[in-house]
Amino acid sequence: MPRLAYVNGRYLPHGAATVHIEDRGYQFADGVYEVVPVFNTILVDEDMHLDRLDRSLSELRIPQPLSRPALKLICRELIRRNGLTNGILYMQVTRGVAPRDHKFPKKSKPALVLTTKQMKPHSEALLRQGLKVVTLPDQRWARCDIKSVSLLPNVLGKQAATEAGAYEAWQVDREGMVTEGTSTNAWIVTDGNRVVTRDATNAILNGITRLTLLDLIRAEGYALEERSFSVDEAKAAREAFITSSTSFVLPVTQIDGQPVGNGHPGILTGKLRQHYVDYMQSLRQSA
Ligand code: PMP
């Protein structure tokens, strides 16, 4: 089955799917994106992702490319045509194609691109061992709440993590507090078994996995604090983990070379991952 991409109204072979060289996403990173998990062919938390897409677009004053029902139809069609069962749907909207000039063009049509990617389940080894993170200064702009395709600090951070033999980099603000990973939200569990994650301000992307897990944590009655935590607090924590549309919930067992807790994935982290997977399994496709 050839892999297809959706580009401005057309389904094209993935390898031949292109945008114009004067697309403002290409020249200015003037665009936004979403990554929606696909689990057993179902788009997980689709409306929450589309709400966040609308918000990102409106913060940047980029018009919506399509109505929500039309966009949903195309998402389902691309998943169907690509035979996607488990993986992600990637959506990108830019301000469109116009002669290069920083200010908004008088006339342009937002450009919409959708792709899908099949993904393997997380390996048993990763779940058993947990993953390593390193910390580094947060070098990003003041609107990390917008899911912009301008990801250079995130790219550099993930590369630094990879070169240090780690899976993720936790970015740290000027006060020494962890903001988030380069593509994941950051969480710890305190000695008192309280789950802590940074409150959703402009300093972080309010992850959809984060929001759903917060609901599950509240529903299960676990103690929860939405607040900043320092690198020192994270290193002294009982457990740590990350969340994202591709990670779900993954245990962190080392920060800057120091073991977290007993150095093994946390018990509560494992329970929260299971709650999240159970939640995905319970979903049925919405209209
Ligand atoms: N923070 C950043 C910087 C991200 O890029 C992502 C992933 N898009 C997340 C957090 C997690 O968000 P989500 O749960 O919506 O995937």
Side-chain angles (χ1 to χ4, degrees), residues 29 31-39 42-57 59 75 86-93 114-117 119 122 131 133-162 166-173 177-188 195-217 226 228-229 240-250 252 269 272-273 275-277 279-280 283:
V32 302
Y33 73 107
E34 275 299 323
V35 175
V36 189
V38 176
F39 191 82
I42 308 278
L43 285 151
V44 177
D45 292 335
E46 180 185 25
D47 277 302
M48 291 167 77
H49 281 278
L50 294 177
D51 287 346
R52 186 172 66 184
L53 179 68
D54 288 352
R55 180 178 182 278
S56 296
L57 288 170
E59 290 296 313
C75 292
N86 289 293
I88 55 157
L89 174 79
Y90 178 84
M91 305 183 196
Q92 180 171 310
V93 183
L114 303 180
T115 57
T116 66
K117 190 164 104 182
M119 291 174 74
H122 300 126
L131 50 89
V133 304
V134 291
T135 61
L136 45 76
D138 195 333
Q139 304 192 87
R140 298 174 301 161
W141 72 327
R143 290 304 307 274
C144 297
D145 57 311
I146 299 172
K147 201 161 167 62
S148 153
V149 293
S150 172
L151 288 170
L152 204 42
N154 309 57
V155 166
L156 296 176
K158 189 77 89 184
Q159 181 61 21
T162 305
Y167 183 97
E168 178 59 300
W170 279 6
Q171 301 167 105
V172 180
D173 69 16
M177 310 302 261
V178 173
T179 53
E180 60 183 335
T182 63
S183 64
T184 58
N185 287 114
W187 305 67
I188 56 170
V195 183
V196 183
T197 195
R198 190 160 175 140
D199 45 327
T201 62
N202 292 357
I204 66 162
L205 183 78
N206 195 357
I208 303 302
T209 322
R210 173 189 183 280
L211 285 169
T212 292
L213 192 67
L214 286 175
D215 279 348
L216 295 172
I217 289 169
E226 278 184 84
S228 301
F229 57 86
F241 62 93
I242 58 170
T243 57
S244 77
S245 296
T246 51
S247 309
F248 312 153
V249 176
L250 283 178
V252 171
T269 300
L272 294 178
R273 179 178 170 89
H275 286 309
Y276 187 75
V277 172
Y279 165 77
M280 288 196 295
L283 295 174

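Counting starts at 1 for both ligands and their atoms, in listed order. If you're wondering where the values come from, they're calculated on a predicted model, not measured in any experiment.
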For Asp51, give me all partners under side-chain hydrogen bond (donor to acceptor under 3.5 Å, both in side chains), at least two apart in sequence or on another chain. Arg68
Does a salt bridge link Arg198 with Glu226, judged by any charged N lying under 4.0 Å from a carboxylate O? no
Dump the pairs for me: ligand 1 N or O, protein N or O, distance under 3.5 Å, to 0.1 Å.
unit_1, atom_1, unit_2, atom_2, d
ligand 1, 1 (N), Glu180, OE1, 2.6
ligand 1, 8 (N), Lys147, NZ, 2.3
ligand 1, 14 (O), Ile208, N, 3.3
ligand 1, 14 (O), Thr209, N, 3.0
ligand 1, 14 (O), Thr209, OG1, 2.6
ligand 1, 15 (O), Arg52, NH1, 3.0
ligand 1, 15 (O), Arg52, NH2, 2.9
ligand 1, 15 (O), Ile208, N, 2.9
ligand 1, 16 (O), Ser245, N, 2.9
ligand 1, 16 (O), Ser245, OG, 2.8

Can you check whether Thr182's main-chain N or O pairs, donor with acceptor, with Glu168's side chain at less than 3.5 Å? yes
With sequence neighbours left out, what residues match Ser245 under side-chain hydrogen bond (donor to acceptor under 3.5 Å, both in side chains)? none
Distance-only donor-acceptor hits, side chain of residues 143-150, under 3.5 Å, sequence neighbours excluded:
unit_1, atom_1, unit_2, atom_2, d
Arg143, NE, Asp145, OD1, 2.9
Arg143, NH1, Glu59, OE1, 3.4
Arg143, NH2, Glu59, OE1, 2.9
Arg143, NH2, Asp145, OD2, 2.8
Asp145, OD2, Arg55, NH1, 3.1
Asp145, OD2, Arg55, NH2, 3.0
Lys147, NZ, Tyr33, OH, 3.1
Ser148, OG, Ser150, N, 2.9

Donor-acceptor pair, distance only, cut-off 3.5 Å: does the side chain of Asn185 make one with the backbone of Leu205? yes
